[in-house]
Amino acid sequence: MQYSKLLIPTLKETPSEAEAVSHILMIRGGYIRQLAAGLYISLPLFLRVMEKINTIIRQEMNRIGAQEFSMPVLHPAEVWQKTGRWDAIGDEMFRLKDRTDRDMCLAMTHEEIMTWLAAKELRSYRDLPQMWYQIQTKLRDEARPKSGILRTREFIMKDSYSFDADEEGLNKSYELHAQAYHRIFTRAGLLFYQVESDPGMMGGTTAHEFMAPSDAGEDEIAICGRCGYAANVELAVSVPPDYAPVDMPFEEVHTPRMKTVDEVSRFLGLPPLSFIKSLLLITKDAPVLALLRGDEELHEKKIQRVIGPYRPAHKDEIVEILGVEAGFIGPVNMINKEIRIIASTSIKTGLYAGGANKTDYHLKGINPEVHFQADWHDIRVIRQDERCVRCGAALKIQRVIEIGNIFKLGTKYSVPLSAVYLNKEGAEIPIIMGSYGIGPARVAAAAIEQNHDENGIIWPVSIAPFPVLILPLSTGDNETIKAADVICAALNSRHIDFLIDDRDIRPGIKFKDADLTGIPYQIIIGAKNLKDGLVEIKDRRTKETTKMPPDKAVEYVSRLIIVI
RNA sequence: CGGGGCGUAGCGCAGUCUGGUUAGCGCACCUGCCUUGGGAGCAGGGGGCCGGAGGUUCGAAUCCUCUCGCCCCGACCA
């Protein structure tokens, strides 16, 4: 392919709206252009990258026996009403009406439609298992599109769905997907982790996410370098930091105007670790008192799993419910005995100081389970370097991009949509489902985040728009053109895809664009080296160049670009 | 949805606080010369509804009101 025949609008300067490295380089490299918030145009180079990624995905999905489909993006409301998601999902769903005033929506995902089809076409245990997938457009009216193509309102997703007769079958389909995902992301040249994740509103039992480390990511995971424990921080657990209990008598102490753990800690000469931090939360049904150790932070998602949706109590509500100002509340001697107490497991043993439920007073020597009763849960935010619950090694917290996820759905969709089969005994059984996603554009973005330098992108060969770029430095030089022709012909005969920069411009610009667009290998043809019958091969990643005759160069490059 | 920032040529920005010639700079673009191994040089040139609407004023890119858009933080992310 000739450079002059492709639109590759590279930019010397960084566009002001871009912040993430992948976003900046995709715009500067002439890969994407923005149409509106969360809506991007794929230029020819980016389309090639996406095709490479999608090809890898197809190969690996087909390999585990999945079949490719194509589903409509415009859906009738009824199907979504049957599963309850028409009402459960809010503004994030694009909704519209057709000319007959029928409610419609744009696809956010395809559980409903896939299950609708399964309900229609799958009848017998003999039809199972099935794995169906597509690489299809999804639309979500995101509250906040961000970071270029990492979070957009319209995007391509590989989504697949498994249909099994029983749990055992589901486990197998799930495991096959996990294996396929490992192969896909490895082939795409990514560093990634498979982590335990919160099934959340997908409503399943088990879920994992595939996470690519990058500062541009929106999620955080905890990983153990020794035993391999890895989990989204939303549910990651750890051993709380060591705490040697301080011995103190059970007594009330005067602490005038001391409201924060910090203030009281300094005033009483006790470390923050020997304090109980009390927070009043308001749920739909009743107030809840949450207890943490003085150095801990409440994990919103973790406590939400215990008490449901909640919000922190307002100042006047605290006085109203507990009869004392915030800052002096605590689990002992509460005037309201009905309040449920949820406490962090880290304070189950030891002696602590906490609010006395009396203005300007705290209690020392509080002995949990002696002085108060509570439901014990892991409700703390874990921190870097805390110890792994499995092996005791230090945990690392890492920012990541979610590139894929796998969910065990069970019968959440098959039951409302009547996707059932008849077993050997003739009984009608709901199909057990799983759902699995990959964001190909996120794979591309993660690849850039993980593979770039100050000059631009460094694509892994497997997903590069072209594996090889030929740079004839002077298009006015006959010898250069001749050498380029020889190389092109040799590459063609080997069926190696390549881009040749045939533009009649200064060499400096060719070099800059070459590095920016990130094609992994460059064959540089310059008049000076050509006098010795040589061209150069440059490895974009190492910046190393090797000189050799043109015919050898093709041979050499063809070995470099072999990918699994 | 809450908080913050920004809209001036294709891109990056100055000018706005403190209203006043014809709105400016760099890059890009066009013409010519020159140059050809890391975004050259010289000369000439084209390109603007200063996001939009309303207002204040003799006079508005600049002040006021409303509005639209984009980015960042947070909430949200089935």
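Each chain gets a letter, A, B and so on, in the order its sequence line appears, and its residues count up from 1.
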> If we call it a pair only when both distances are under 3.5 Å in a Watson-Crick or G-U wobble match, what pairs with B:G41?
Replying inline: B:C33
> Between A:Asn529 and A:Leu534, is there a donor-acceptor pair closer than 3.5 Å when you use the side chain of the first and the backbone of the second?
Replying inline: no
>> Just by distance, no angles: are the side chains of A:Ser344 and A:Glu296 close enough, under 3.5 Å, to form a donor-acceptor pair?
In response: yes
> Given the C1' atoms of B:G51 and B:G5, what is the spacing between them in whole Å?
Replying inline: 16 Å
> Across all strands shown, which nucleotide pairs with B:G7 by Watson-Crick or G-U wobble geometry, both distances under 3.5 Å?
Replying inline: B:C68
> Given that both distances must come in under 3.5 Å, which nucleotide forms a Watson-Crick or G-U wobble pair with B:C58?
Replying inline: B:G20
> In whole angstroms, how far is the C1' atom of B:G74 from the CD atom of A:Glu218?
Replying inline: 12 Å
>> So A:Leu516, base contact, sugar-phosphate only, or nothing? Heavy-atom distance under 4.0 Å.
In response: base
> In whole angstrom, what separates A:Ile27's CD1 from B:G10's C1'?
Replying inline: 14 Å
> Mind checking whether A:Phe210 and A:Tyr193 have ring centres under 6.0 Å apart?
Replying inline: no
> Residues from residues 449-459 of chain A sitting under 4.0 Å of RNA chain B, heavy atoms only?
Replying inline: none
>> What is the separation between atom CZ on A:Arg33 and atom C1' on B:G10, rounded to the nearest whole Å?
In response: 10 Å
>> Between B:U62 and B:C1, how many Å separate the two C1' atoms, rounded to a whole number?
In response: 32 Å
>> Please compare A:Phe155 and A:Asp513 by the position of their nearest nucleotide in RNA chain B and report the one closer to 5'.
In response: A:Asp513
> Does any nucleotide pair with B:C25 by Watson-Crick or G-U wobble geometry, both distances under 3.5 Å, and what is it?
Replying inline: B:G12
> So, are A:Asp378 and A:Lys302 salt-bridged, with charged N and O less than 4.0 Å apart?
Replying inline: yes
>> Test your reading of the model: is there a side-chain donor-acceptor pair from A:Gln450 to the backbone of A:Pro213, 3.5 Å cut-off?
In response: yes
Under 3.5 Å between N/O atoms: give me all the protein pairs with nucleotides 27-32 of chain B, atom names plus distance.
none

> Base, sugar-phosphate, or nothing: which does A:Asp477 touch, judged by heavy atoms less than 4.0 Å apart?
Replying inline: nothing
>> Heavy atoms only, 4.0 Å cut-off, all strands: where does A:Asp515 land among base, sugar-phosphate and nothing?
In response: base
>> Whether the A:Tyr181 and A:Lys158 side chains hold a donor-acceptor pair (N or O, under 3.5 Å, no angle test) is what I'd like checked.
In response: yes
>> Mind checking if A:Pro15 touches a base, just sugar-phosphate, or nothing, with heavy atoms under 4.0 Å?
In response: sugar-phosphate
>> Applying the Watson-Crick and G-U wobble criteria at under 3.5 Å, what pairs with B:G2? Answer none if nothing qualifies.
In response: B:C73
> Are the side chain of A:Ser162 and the backbone of A:Gly434 linked by a donor-acceptor contact shorter than 3.5 Å?
Replying inline: yes
> Is any side-chain N of the basic residue among A:Glu111 and A:Arg85 closer than 4.0 Å to the acidic one's carboxylate O?
Replying inline: yes
> If you look at every strand shown and take non-hydrogen atoms under 4.0 Å, does A:Arg28 touch a base, only sugar-phosphate, or nothing?
Replying inline: base
>> Does A:Glu536 reach a base, just sugar-phosphate, or nothing at all? Heavy atoms under 4.0 Å.
In response: base
> Can you tell me how far P of B:U35 sits from CD1 of A:Ile509, to the nearest Å?
Replying inline: 17 Å
>> Show the nearest heavy-atom pair for residues A:Val233 and A:Ala222, with the distance to one decimal.
In response: CG1-N, 4.1 Å
> Parallel under 30°, tilted from 30 to 60°, perpendicular over 60°: which one fits the rings of A:Phe69 and A:Trp132?
Replying inline: tilted
> Expressed in angstrom and rounded to an integer, what is the separation of A:Ile89 atom CD1 from B:A78 atom C1'?
Replying inline: 4 Å
Can you tabulate the close N/O pairs, meaning under 3.5 Å, that link protein atoms to atoms of nucleotides 71-73 of chain B?
residue, atom, partner, partner atom, Å
B:C71, OP1, A:Gln34, NE2, 2.9
B:C72, OP1, A:Ser147, N, 3.3
B:C73, OP2, A:Arg144, NH1, 3.0
B:C73, OP2, A:Arg144, NH2, 2.9

> Taking the P atom of each, how far is B:G24 from B:A9, in whole Å?
Replying inline: 13 Å
> Picking from B:A78, B:G38, B:G39, which would you name as closest to the side chain of A:Thr10?
Replying inline: B:G39
> Expressed as a whole number of Å, how far does the P atom of B:G54 sit from that of B:G59?
Replying inline: 15 Å
>> Using the side-chain hydrogen bond (donor to acceptor under 3.5 Å, both in side chains) definition, which of the options A:His299, A:Gln304, A:Lys301 pairs with A:Glu234?
In response: A:Lys301
> Do A:Tyr174 and A:His208 get their side chains close enough for a donor-acceptor pair, meaning under 3.5 Å?
Replying inline: yes
> To the nearest angstrom, how far is A:Lys510 atom NZ from B:G37 atom C1'?
Replying inline: 11 Å
> A:Asp198 has an atom CG; how far is it from atom C1' of B:A78, in whole Å?
Replying inline: 12 Å
> Roughly how far apart, to the nearest Å, are B:C34 and B:G44 at atom C1'?
Replying inline: 15 Å
> Can you tell me if the side-chain N/O atoms of A:Arg506 get under 4.0 Å from OP1 or OP2 in B:A40?
Replying inline: yes
>> Using whole Å, what does the distance between atom C1' of nucleotide B:A78 and atom CD of A:Glu142 come to?
In response: 11 Å
> Are the side chain of A:Asp453 and the backbone of A:Gly456 linked by a donor-acceptor contact shorter than 3.5 Å?
Replying inline: yes
> Quick one: which of A:Arg541, A:Lys510, A:Arg28, A:Lys538 gives a salt bridge (Lys or Arg N to Asp or Glu O under 4.0 Å) with A:Asp515?
Replying inline: A:Lys538
> When we call it a touch if two heavy atoms are under 4.0 Å apart, what does A:Lys138 touch: a base, just sugar-phosphate, or nothing?
Replying inline: nothing
